Amino acid sequence: MLEILASGNHHITHLPSPSNDSKPISNKPNHLQILKKCTHLIQFKQAHAQIIKTPLHQSDTYLSKIIEGVVGFSDLIYARQVFDQITEPSTFAFNTMIRGYGTNDLGPEGIDLYIRMRHRGLIPDNFTYPFLLKACSGLKQGKGVHSLVVKDKRFSSEIHSLTSLMTFYCSFGDVGSARLLFDRMPQRNVVTWTGIIAGYVKQKRYKDGIELFNQMKNNGVEINELTLVSVLSASANLGALEIGQWVHEYIDQKRILLNPKLGAALIDMYAKCGHIDKAYQVFGTIPCKGVYVWNAMIGGLAMHGYGNEAIERFQEMQQNGIMPDRVTFIVVLSACSHSGLVEKGKEILLSMRKDFGIEPNIKHYGCFVDILCRAGLLNEAYEVIINMPMEPNAVLWGTLLNACAAAANVELAEAAMQRLMVLEPFNDGNYVLISNIYAATERWNDVGRVRKILKDRKISRNPGHSLIQVDNVVHEFMVGDGRHPCSEQIYGMLEKVAIIIKEWSL
DNA sequence: TTAGGGTTAG
């Protein structure tokens, strides 16, 4: 095993004998270098098993290095076993374990270890808070770490700890607190700026994200591919094609490699901004098409109504050796839904567990219900909702209610509304829909009853709105909005478009 | 040994 891993000057013959070897680690580079060369966990464990037989390698420093290696392979159980062998773990060893827990969604274990570290009288260093805050991601009890950082004068102005703190607030959606921290930071770099932009984007505050990106550019801060992924996501969701195109040109100019995540973001941006042809073009240029890239492309085709093409790409990705994931099935099922492919959708849903070992979740069932609803199969959709293996949520009942509005099906609409009044009691859209269904069937008493509920529960009706970007400015319109300076021309054009559509549909 | 990224059902 070690022979395979050792290369050049570092050969197996350099292994220390198991006894009487008390030279310091630094004089024995082979073992650590051999471990570094391991590309798979199994290799690493085998190499470790060989080396650990020597007394030298039971030193805390060495074991800490082992933990670091194993944490890199995400085997936290093995890492913990090694950690527990250390009689006097150093701050480095604690840091490494906390980092491992934090990056593997085992935050509470990381926090627990930090407490143990302090009980042992160890002082945190500049790495501890970033790792600990990562472990606290999404956990409100992590707010206590904020005061720890503030009190620790060594790090209360230190960029890594503060950026981690900012990201921690973003992790449970408190972008307001994150922004306060950001504004007060003595130093900011590309990571800090990207972190706050990503925070806004995750909260769907796309305009704020773009605004900060503009500020970042004006401040002359370096921009990298991580920044651009968030900016592309914001422009995609705003339909801000010009910003997205600027990013694309920047990528080309700076010769930034289209890694799978950046490539997927670019495809998604073009697809959401209406340019499926450009999305396809970008798709063709990405050298390593990971599952993200395929998902973005299939999702783009789905939203443009190219169901059969989406399914072809789904098959092609498998021929290319890429395993579909949960998201792939969501976008493929959504392709079936937008193209009326009922049987295909059913077949794909059934194949998830059977052929791919992926258990369908509520989103997959949601897509299938949508397939049935859009095909007008409302009774079948209702049957799926009440018989699926998990508790239906508001999205499922909302899908059915929407479909009932299109078909004026009062009976099923009432069944859906009954649940929605519990699940989403303040969603004005649902009340509007049921009221419209009653109106369409001339049930005026029921229309009045719904209006009274809206009034009694003080539910305000939230008007729909749409966004469009022209010449780098995003314009927002509400229903019946007349505030825009070009309102008259816009409505004039809208009427013309409506006439054209009517002519087409005749 | 540090901090930041995407896609996903009404």
Side-chain angles (χ1 to χ4, degrees), chain A residues 64-65 67-69 71-72 90-100 102 125-134 155 158-168 170-171 188-199 201-202 224-233 236 259-269 271-272 290-300 302-303 325-334 337-338 360-371 373-374 381 393-403 405 416 420 424 427 429-430 433:
Chain A
S64 298
K65 283 286 175 191
I67 294 168
E68 193 191 351
V71 159
S90 61
T91 300
F92 171 79
F94 273 103
N95 283 350
T96 309
M97 272 313 294
I98 295 169
R99 173 166 64 98
D125 65 11
N126 52 324
F127 295 97
T128 311
Y129 294 122
F131 295 155
L132 177 61
L133 284 160
K134 178 92 174 174
F155 308 121
E158 193 267 328
I159 194 160
H160 295 99
S161 296
L162 289 182
T163 303
S164 302
L165 200 51
M166 189 191 84
T167 311
F168 159 72
C170 290
S171 75
R188 299 182 196 113
N189 61 15
V190 57
V191 182
T192 324
W193 280 93
T194 304
I196 191 75
I197 292 171
V201 171
K202 275 188 211 142
N224 65 20
E225 68 261 41
L226 275 78
T227 324
L228 297 177
V229 170
S230 287
V231 174
L232 281 171
S233 170
N259 69 35
K261 291 183 181 181
L262 185 58
L266 202 52
I267 291 170
D268 181 57
M269 183 278 294
K272 287 207 172 90
V291 68
Y292 299 137
V293 175
W294 288 97
N295 289 354
M297 192 65 241
I298 297 169
M303 73 180 85
D325 65 6
R326 286 184 167 75
V327 176
T328 316
F329 285 102
I330 291 170
V331 290
V332 172
L333 289 168
S334 137
S337 158
H338 292 280
N361 63 29
I362 196 153
K363 290 188 180 181
H364 300 110
Y365 278 100
C367 288
F368 187 56
V369 166
D370 194 43
I371 289 174
C373 283
R374 283 179 198 257
N393 63 13
V395 176
L396 270 291
W397 290 116
T399 306
L400 184 64
L401 182 64
N402 265 293
L420 283 166
E424 284 184 335
N427 184 336
N430 297 332
L433 274 174

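We name chains A, B, ... by the order of the sequence lines, and we start the count at 1 in each one. Just so we're clear, the structure is a prediction, and the values are computed from it rather than from any experiment.
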Q. A:Ile330 has a side chain; which of B:dT7, B:dT8, B:dG10 sits nearest to it?
A. B:dT8
Q.
Mind checking if A:Ile196 touches a base, just sugar-phosphate, or nothing, with heavy atoms under 4.0 Å?
A. nothing
Q: Would you indicate which nucleotide in B:dG5, B:dA3, B:dA9 comes nearest to any side-chain atom of A:Asn189?
A: B:dA3
Q) Are any of the side-chain heavy atoms of A:Leu400 and A:Cys373 separated by less than 4.5 Å? A) yes
**Q.** Presence of A:Lys134 side-chain N/O under 4.0 Å of B:dG4 phosphate oxygens OP1/OP2
**A.** yes
Q: Give the rounded distance in Å between these two atoms: CG of A:Leu262 and P of B:dG4.
A: 18 Å
(Q) Could you tell me how far apart A:Ile197 (CD1) and B:dG4 (C1') are, to the nearest whole angstrom? (A) 10 Å
Q: Please report the C-alpha distance between A:Glu158 and A:Asn126 in whole Å, then the side-chain angles of each, then the deciding distance to 0.1 Å, and finally whether the side chain to side chain donor-acceptor pair (under 3.5 Å) criterion is met.
A: CA-CA 8 Å; A:Glu158 193 267 328; A:Asn126 52 324; 5.5 Å; no
Q. Any side-chain heavy atom of A:Leu162 within less than 4.5 Å of one from A:Thr192?
A. no
Q | side-chain N/O A:Thr128 vs B:dT2 OP1/OP2, d < 4.0 Å | A | no
Q: Under 4.0 Å between any heavy atoms, over every strand shown, what does A:Thr163 touch: base, sugar-phosphate, or nothing? Just pick one.
A: base
Q. So what does A:Val190 touch, heavy atoms closer than 4.0 Å: a base, only the sugar-phosphate, or nothing?
A. base
Q) So does A:Glu424 reach the base of B:dG10 with its side chain, donor to acceptor, closer than 3.5 Å? A) yes
Q: For A:Ala394, report the nucleic acid contact type (base, sugar-phosphate, nothing); a contact means any heavy atom under 4.0 Å.
A: base
Q. B:dA3 P sits how many Å from A:Asp125 CG, rounded?
A. 13 Å
Q: Measure the shortest side-chain to side-chain distance between A:Val229 and A:Leu232 over non-hydrogen atoms and say whether it is less than 4.5 angstrom.
A: no
**Q.** Minimum-distance pair of heavy atoms, taken over all atoms of A:Leu333 and A:Cys367
**A.** CB-CB, 3.5 Å
Q) Under 4.0 angstrom, heavy atoms only, what part of the nucleic acid is A:Ala198 near: base, sugar-phosphate, or nothing? A) sugar-phosphate
Q: Measure from CE on A:Met303 to C1' on B:dT8 and round the result to the nearest Å.
A: 10 Å
**Q.** Below 4.0 Å: OP1/OP2 of B:dT7 and any side-chain N or O of A:Lys202
**A.** no
Q. So, A:Phe127 and B:dT2: ring centres less than 5.5 Å apart, planes less than 30° off, yes or no?
A. no
Q: Measure distances between side-chain N and O atoms of A:Asn126 and base N and O atoms of B:dA3, and say whether any donor-acceptor pair falls under 3.5 Å.
A: no
Q.
From CD1 of A:Ile159 over to P of B:dA3, roughly how many Å is that when rounded to an integer?
A. 13 Å
Q. Can you tell me how far P of B:dG5 sits from CG of A:Leu266, to the nearest Å?
A. 19 Å
(Q) Using a 4.0 Å heavy-atom cut-off, does A:Asn95 contact any base of the nucleic acid, only the sugar-phosphate backbone, or nothing at all? (A) base
Q) Given B:dG10, B:dA9, B:dT7, which nucleotide is nearest the side-chain atoms of A:Leu396? A) B:dA9
Q. What about A:Thr194, does its side chain sit under 3.5 Å from the base of B:dG4 through a donor-acceptor pair?
A. yes
Q.
Students often get this wrong, so: under 4.0 angstrom with heavy atoms, is A:Asn361 touching a base, only sugar-phosphate, or nothing?
A. nothing
Q. Do the side-chain N or O atoms of A:Arg374 get closer than 4.0 angstrom to the phosphate oxygens (OP1, OP2) of B:dG10?
A. yes
Q) Separation of A:Phe155 atom CZ from B:dA3 atom C1', in whole Å? A) 14 Å
Q | Donor-acceptor pair present, A:Asn224 side chain and B:dG4 base, under 3.5 Å | A | yes
Q: Could you check whether A:Ser334 gets within reach of a base, just the sugar-phosphate, or nothing at all, counting any heavy atom under 4.0 Å?
A: nothing
(Q) Counting C-beta onward and ignoring hydrogens, is there a side-chain heavy-atom pair between A:Ser233 and A:Asp268 closer than 4.5 Å? (A) no
Q | Nearest-angstrom distance from the residue atom NZ of A:Lys363 to C1' of B:dT7 | A | 10 Å
